[in-house]
Visitor: 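There's a structure below that I have some questions on.
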Amino acid sequence: MLKDAGQYNAKSLEENIHKFWDEIDAYSRVREQRIDGQKFFFVDGPPYTTGRIHLGTAWNKIIKDSILRYKSMKGFHVLDRAGWDMHGLPIEVKVEAVLGFKSKKDIEKYGVGNFVAKCKEFALSHRDEMTLQFQNLGVWLNWKDPYMTLRDEYIEAAWWTLKKAHEKNLLEKGRRVVNWCPRCETAIADSEVEYADVSDPSVYIKFPVTGEENTFIVIWTTTPWTIPANIAVAVHPSFEYVRVRVSKNDKEEILIMAKELLKNVLKQGRYKKSEVLETILGEELKIEYNAPLGHKVPRQNTFSHTVYLADFVTAENTGCVHIAPGHGIDDFELGMKHKLPIFCPVGPDGKYTEEAGDYKGMHVREANKVVLDDLSEKDLLLSSGTISHRYGHCWRCKTPIIYLATEQWFLRITDLKEKMLDEIKKVKWYPDWAGSARFADWVKGSRDWCISRQRYWGIPIPVWICDFCGEVEVMGTMEELKNRSAVKNLTDLHRPYVDNIHIKCRKCEKRMSRVPDVFDVWFDSAVASWATLNFPRDDKTYKEWWPADFITEGHDQTRGWFYSQMGASMVSFGKAPYKSVLMHGFTLDTEGKKMSKSLGNVVSPDDVINKYGAESLRLYVLSQNAPWDDLKFVWEEVGTINRMLNILWNVYRFPLPYMILDNFNPVDTRERLATLSLRIEDKWILSKVQSLIKKVETAMSEYNLHKATRPISEFILEDLSRWYIQLIRPRTWREANDPDKLAAYYTLYEVLVTLTKVLAPFAPHISEEMYGNLVRNIHPDAPESVHMCNWQAPDEKFIDIELEKKMDIIREIVEASSNARQKLKRKLRWPVKRIVVVPKNEIVNEAVLCLEKVLKEQTNAKNIILIKHGETWDELGVEVLPNHAALGPAFKKDAGKVIAQLKTVSGRAIKKSILETGSFELEAGVINADMVTFKDLIPPAIAAAGFSAGDVYVDTELTREIESEGYAREVIRRIQDMRKELDLAVEEEIRASVEIKDERVAILVLELKDFIAGEVRARTLTIGPEVEVEGELVKDWDVEDVRMRMGIRL
RNA sequence: GGGCCCGUAGCUUAGCCAGGUGGAGCGCUCGGCUGAUAACCGAGAGGUCUUGCGUUCAAAUCGCAACGGGCCCA
């Protein structure tokens, strides 16, 4: 049996549904149920296990959940292990903060094993916390068996991939300049560098040119601490450079710089006089110079310092660029090209090494000032100021990064670039430009991938090197390592457990040791698509499922996970690891600014759930805008969605009391619908709901979640609540087994049940609740959950597009008539004599004929008069407006007479004649079409309003019958109001008395006494001018200026 | 500085790909309804479609540039 429903309470409803899902193990059973379906392999982009989820993460998972629920209902066998990214520097930094550590030395002292254990504990506890948060959103993924990057089988997937890289000669150890965090003492990836505005030195330095007295080449830098490592100066080959004689304080010297920047340099150096001695192209500039800090850094005197040409030089500052190949990427590349020494006198802790001579032991951050002082002492400092610019910082500990030339391991992704670009084209991107423009551009500009980190909590790099001959061997699996090393009981592949495992060199039979590095954490998630299938341990599953059918992440992942996966997959398998990608946007605040803790504009998903429930949040993020656009979070809009859900709930619960009262038992709904005689509005809503399914399907085929969810909301508000429910209301109040009522019941039932299924992927809670009552309480053998149901295919036999169009017209006419009524202040409760529809096209005609009853009811009109298309309503008066400009010249002095006569003749007669014959004969002369214009004259009791395809006239003239009904309805409304006040049950009977002093009105109302009594369920009803009013509740009313006194008693 | 995306009523947006009188919702004002009722419905006001230039008979729509926002990079 159906059960009644209370008010919509999102929180308790969602809690109950979550409990229900747990009880019946809904998720697992839904997936099992589809085990024979077509495979749909989804890979969850693993969130990083620190802290709580934010709005963007919530949006991400809601998108995934809705799409997967939809796919599952469509019959796909979905594979969707949730994923967790659990290694890496971010967690190390958090744990270091908890333990109060300041550097790697603290970790070493604490013990790597202890530290790693803490990191693991941290990651696991956050995973649990975040899982709960995702589940509160109603997100279904495989939470019981997620893939976790810290698992041994996962680590093996990474190892296997690196071995592949080695076999394909794509793994390389090399010296490169990398982003280096001097606090974390590790290389960090480009993607781990966060840019922020900082104030740095902005200094102009003179390098003394060899063999030319008092001549200097001028460079500019923001990092004076790199001057001790200077090796060269770069100039642009096609810029013009000048030698300038300048003077200041009676001292003369010659400076070299770009011609274009002469003014700037003179200003910086506050030179009073200047004289250009020579202008030459950069490519002709052949000079050597002396190390500016040779006296402090003895090694510098062993290098030769020369000017080189480089395209990356820009016309800024001096046009001459200081080159330290050990401390800059461009610098390094230029150095490699010209075989310059890669001089890097800075250690991993950011302090100068022995090679830096006098600076040894000094931290580079303290060195800036000292270096400037030393240069100043030598009179090599041209000017010194500060500049505010964007500079890179370690994204976790916020320390400014430095560039260091270090030994690192690289994947030679650049070798695979062309093939990767081909693969990108084979992937289906939503939207298209995410792949063709954004991702392709990123890949084109990508560099080799530095995968090594000098840290602890990560996947150990499985490379062993011979201590003697340098032979390199890569371990692909745990098994391989065991076999090669004679270590039998290896239970954890993390550091420090793998650190002391040695193997015997195949070449020289000496000892091999593991390189101490761990992987860049991006490499972890890069192998997710096969690691989640437990490859390489399980080859069979891989063959059945790989590559992924679908992934979806935010646009920040273009350079992140989209890329890292593509790179790793090209290395491993030579093809893309995914077939389709939906790129979604970012959540921003109301102003369109990004949410950040420092701005204090962060909205957490929990806040939204607490206020409106998960369902509102879900539908909000899904429908607010296109998935790929950024989402501006606006609280009011969530409120609007919540209101829509509330209306849905009211629509759902409105018929329940009647259905229950009538013992309505909807079995074989489709068959009953075929045999019952349905009203046209029933057919209409059935058509509408089928059309809705089609719309949702079309939108979902392109992952247009906004275009799928918006029509659902529109259907609920416009078609169901505002229209169909209003139309069938009177039918639900009928007593007994009226077939017309049953037709409405069955129709509404069918529509609501269909709606639960359409809604299920997007609003899984409310649809489950409705389904539970509407379906499960009636059919015990139906699927237990709406999510176990098949997606309902649109049924063409219900669809009648013409009818849908006609109803649209009728709704427009009703709106127009309501508009017209308002002009004459005639309430809808009062019937009107007639409504005249003047159509502008044939469809309006058909619509009115076809839906006359609906139109009549909804406009509360006694009659509908339909004027034929092309004709005018003949009761409209016609005002003839003389056209003086035409009448004057035609009739000259008689014009006045003609105009006067025009007013005495029937306007309609003139219009008719002019329309038919083109002229009209007045006593004073014949007028033609040019001389007059016509205007409709609307009679006083008539109100007019237009709609898109015609006009509507409402005749509000009162008749005795109308007044009688109008007053009667006023009385009914007020007694109903009083019933409500007494909180009476719908079926409870009353005794009522109404005193109306105005005798005329009293008589009018009395005429409909029986009607009134029936409507308000009154056993007895007395009405009259002298009635004694009494009862539990007595009230005085003012009805359209008529005083009434009413009382009701039980 | 570069790549991609976004910029339409007070707010959130549709329309843009395939050029031809800019549609909604929220909010506001006024009104209605009262057997969904701490609900619901209707009407009205409100737009230099960020700006400028160009293509065209015609530009929110196509092109170029600028400005503002986002992501990514330097």
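Letters go in sequence order (proteins before strands), and every chain restarts at 1.
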Visitor: I'd like to check the side chain to side chain donor-acceptor pair (under 3.5 Å) partners of A/Arg973; sequence neighbours left out, ordered by chain and number.
Guide: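 If we apply the side chain to side chain donor-acceptor pair (under 3.5 Å) test to A/Arg973, skipping adjacent residues, there are no hits.
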Visitor: Atom CG of A/Leu588 and atom P of B/C11: how far apart are they, to the nearest Å?
Guide: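 Atom-to-atom, A/Leu588 to B/C11, this comes out as 16 Å.
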Visitor: Students often mix this up, so state it plainly: with edges at 30° and 60°, are the rings of A/Trp635 and A/Tyr612 parallel, tilted or perpendicular?
Guide: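 Geometry flag for A/Tyr612 against A/Trp635: tilted rings.
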Visitor: Any protein N or O atoms within reach of nucleotides 25-30 of chain B? Criterion: under 3.5 Å, listing atom names and distances.
Guide:
residue	atom	partner	partner atom	Å
B/G25	N2	A/Glu637	OE2	3.3
B/C26	OP1	A/Arg643	NH2	2.8

Visitor: Among the candidates B/C40, B/G70, B/C33, find the nucleotide nearest to the side-chain atoms of A/Arg829.
Guide: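 Closest of the options to the side chain of A/Arg829: B/C33.
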Visitor: Toward the 5' end of RNA chain B, which comes first, A/Glu815 or A/Thr732, by nearest nucleotide?
Guide: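 Counting from the 5' end, the first nearest nucleotide belongs to A/Thr732.
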Visitor: Quick one: which of B/A36, B/G35, B/C72 gets closest to the side chain of A/Asn650?
Guide: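 Nearest to the side-chain atoms of A/Asn650, counting from C-beta on, is B/A36.
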Visitor: When the ring planes of A/Tyr430 and A/Tyr703 are compared, do they come out parallel, tilted or perpendicular, using 30° and 60° as the limits?
Guide: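 The rings of A/Tyr430 and A/Tyr703 stand perpendicular, inter-plane angle above 60°.
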Visitor: What pairs with A/Lys3 under side-chain contact (heavy atoms from CB on, under 4.5 Å), at least two apart in sequence or on another chain?
Guide: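 Expected list: A/Asn773, A/Asn777.
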Visitor: Rounded to whole Å, how long is the line connecting atom CZ of A/Arg653 with atom P of B/U37?
Guide: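 So the CZ-P distance, A/Arg653 to B/U37, works out to 4 Å.
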Visitor: With a cut-off of 3.5 Å and sequence neighbours excluded, list every side-chain donor-acceptor pair involving residues 809-816 of chain A.
Guide:
residue	atom	partner	partner atom	Å
A/Arg811	NH1	A/Glu718	O	3.1
A/Arg811	NH2	A/Glu718	O	3.2
A/Arg811	NH2	A/Glu718	OE1	3.2
A/Glu812	OE1	A/Ser948	N	3.0
A/Glu812	OE1	A/Ser948	OG	2.8
A/Glu812	OE2	A/Ser948	OG	3.1

Visitor: At under 4.0 Å between heavy atoms, what does A/Val651 touch on the DNA or RNA strands: base, sugar-phosphate, or nothing?
Guide: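 Touches a base.
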Visitor: In whole angstrom, give the distance that lies between atom NE2 of A/His555 and atom P of B/G70.
Guide: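 Result: 11 Å.
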Visitor: Between the base of B/C71 and the side chain of A/Arg438, is one N or O donor paired with an acceptor at under 3.5 angstrom?
Guide: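 Pair found.
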Visitor: Using whole Å, report how far CG of A/Leu717 lies from P of B/C41.
Guide: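 Rounding to the nearest Å, CG of A/Leu717 and P of B/C41 are 7 Å apart.
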Visitor: Step by step, would you call A/Tyr658 with A/Phe664 a ring-ring contact (aromatic ring centres under 6.0 Å, His included)?
Guide: CA-CA 8 Å; A/Tyr658 308 110; A/Phe664 175 63; over 10 Å; no
Visitor: With A/Ser616, which residues qualify under side chain to side chain donor-acceptor pair (under 3.5 Å), at least two apart?
Guide: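 In terms of side chain to side chain donor-acceptor pair (under 3.5 Å), with neighbours along the sequence ignored, A/Ser616 is linked to A/Asn642.
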Visitor: Expressed as a whole number of angstroms, how long is the span from A/Gln726:CD to B/U37:P?
Guide: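 After rounding, the reported distance stands at 13 Å.
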Visitor: Do A/Asp662 and A/Tyr745 get their side chains close enough for a donor-acceptor pair, meaning under 3.5 Å?
Guide: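 Yes, because at least one side-chain N or O of A/Asp662 sits under 3.5 Å from a partner of the opposite role on A/Tyr745.
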Visitor: Between atom CG in A/Leu661 and atom P in B/A36, what is the gap in whole Å?
Guide: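 Interatomic distance, CG of A/Leu661 to P of B/A36: 14 Å.
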Visitor: Whole Å only: how far is the CD atom of A/Glu812 from the C1' atom of B/G23?
Guide: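 Those two atoms, CD and C1', are 13 Å apart.
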Visitor: 5'-most contact on RNA chain B: A/Leu631 or A/Arg811, nearest heavy atom basis?
Guide: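 Per heavy-atom nearest nucleotide, the more 5' residue is A/Leu631.
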Visitor: Specify whether A/Trp429 and A/Phe439 have parallel, tilted or perpendicular ring planes, treating 30° as the upper limit for parallel and 60° as the lower limit for perpendicular.
Guide: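 Tilted: the ring planes of A/Trp429 and A/Phe439 meet at 30° to 60°.
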Visitor: Can you give me the N/O atom pairs linking the protein to nucleotides 14-19 of chain B at distances under 3.5 Å, or say none if there are none?
Guide:
none

Visitor: What is the distance from CH2 of A/Trp649 to P of B/A39, rounded to the nearest Å?
Guide: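 To the nearest whole Å, that distance equals 17 Å.
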Visitor: Each nucleotide N or O in nucleotides 60-63 of chain B that has a protein N or O under 3.5 Å away: list the pair and distance.
Guide:
none

Visitor: Picking from B/A36, B/U34, B/G3, which would you name as closest to the side chain of A/Arg973?
Guide: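 So the side chain of A/Arg973 is nearest to B/U34.
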Visitor: Using the test side chain to side chain donor-acceptor pair (under 3.5 Å), find all partners of A/Arg821 that sit at least two apart in sequence or belong to another chain.
Guide: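 In terms of side chain to side chain donor-acceptor pair (under 3.5 Å), with neighbours along the sequence ignored, A/Arg821 is linked to no residue.
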Visitor: Just to verify, what does A/Ser436 make a side-chain contact (heavy atoms from CB on, under 4.5 Å) with, not counting sequence neighbours?
Guide: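 Here the qualifying residues are A/Asp432, A/Trp433.
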Visitor: Give RNA chain B the dot-bracket treatment, 5' to 3': Watson-Crick (N1-N3 with N6-O4 or O6-N4) or G-U (N1-O2, O6-N3) under 3.5 Å, [ ] crossing, | other strand.
Guide: ((((((((.[[[[.)....(..]]]].(((((.......))))).....[[[[[..)....]]]]]))))))).
Visitor: Tell me yes or no: between the side chains of A/Thr223 and A/His327, is some donor less than 3.5 Å from an acceptor?
Guide: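 Not at all, the side chains of A/Thr223 and A/His327 share no donor-acceptor pair under 3.5 Å.
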Visitor: Could you check whether A/Glu970 pairs with A/Lys827 (Lys NZ or Arg NE/NH1/NH2 to Asp/Glu carboxylate O, under 4.0 Å)?
Guide: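 Result for this pair is yes, salt bridge flagged.
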Visitor: Please enumerate all residues that pass side-chain contact (heavy atoms from CB on, under 4.5 Å) together with A/Lys840, with sequence neighbours excluded.
Guide: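 Once residues adjacent in sequence are excluded, A/Lys840 has no partner under the side-chain contact (heavy atoms from CB on, under 4.5 Å) criterion.
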Visitor: Under the salt bridge (Lys or Arg N to Asp or Glu O under 4.0 Å) test, which residues partner A/Glu965, sequence neighbours left out?
Guide: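 Result, salt bridge (Lys or Arg N to Asp or Glu O under 4.0 Å) vs A/Glu965: A/Lys862, A/Arg969.
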